[in-house]
Trainee: 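My questions will all concern the structure given below.
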Amino acid sequence: IIAYSNADGGIILIGINEDKKTGNHQDTGLNTVNIELLNLIDLNDVTQKFEKIGKVGISLDLQFFQISTRKFYYLLIEKTF
């Protein structure tokens with residue numbers, strides 16, 4: 001999984017298949033194992049850890065989206081006031 005972030009606090013999780021012999025990368029989306037793993041994450045626990053470590057309130061939102069047959073997740077991290 002490769003993650004790209006933007007200036008708005010969002011992170012896109014993308015599945016990449018790497019051919020180790022040629023060094024080529026193919027954007028494949030997230031496979032079933034990765035999606036099941038992401039669905040197991042309790043965002044409340046993650047939020048509490050961020051707040052405990054950073055002493056700042058945040059909200060997390062994990063959104064699934066699909067382009068053609070490829071599946072991706074978008075993780076939005078926002079600071080709360």
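The figures here come from the full heavy-atom set of this structure, side chains too, leaving out hydrogens, waters and symmetry mates.
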Trainee: Should L37 and V46 be counted in the same cluster of Ile, Leu, Val, Met, Phe, Trp and Tyr side chains packed under 4.5 Å apart?
Mentor: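 No, no single cluster joins them.
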
Trainee: Check each of T32, N39, L40 against E36 using the side chain to side chain contact (heavy atoms under 4.5 Å, CB included) test, and report the only one that passes.
Mentor: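 Passing option: T32.
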
Trainee: Sub-3.5 Å donor-acceptor pair from the side chain of Q66 to the main-chain atoms of S68, do we have one?
Mentor: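 Yes; at least one donor-acceptor contact below 3.5 Å.
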
Trainee: If you round to the nearest 0.5 Å, how far is CD1 of I58 from OG1 of T47?
Mentor: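 Here the interatomic distance stands at 5.0 Å.
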
Trainee: Extract all donor-acceptor atom pairs below 3.5 Å that involve side chains of residues 14-24 and protein atoms in other chains or at least two apart in sequence.
Mentor:
| from | atom 1 | to | atom 2 | distance (Å) |
| --- | --- | --- | --- | --- |
| D19 | OD1 | K21 | N | 3.0 |
| D19 | OD1 | T22 | N | 3.4 |
| D19 | OD2 | T22 | OG1 | 3.4 |
| T22 | OG1 | N24 | N | 3.3 |
| T22 | OG1 | N24 | ND2 | 3.2 |

Trainee: In terms of hydrophobic clusters joined by side-chain contacts under 4.5 Å, are V56 and L60 together?
Mentor: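 Yes, because V56 and L60 connect within a single hydrophobic cluster, where side-chain heavy atoms sit under 4.5 Å apart.
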
Trainee: Assigning hydrophobic clusters by single linkage (Ile, Leu, Val, Met, Phe, Trp, Tyr; side-chain heavy-atom cutoff under 4.5 Å), is L43 placed with L38?
Mentor: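 Same cluster: L43 reaches L38 through Ile, Leu, Val, Met, Phe, Trp or Tyr contacts under 4.5 Å.
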
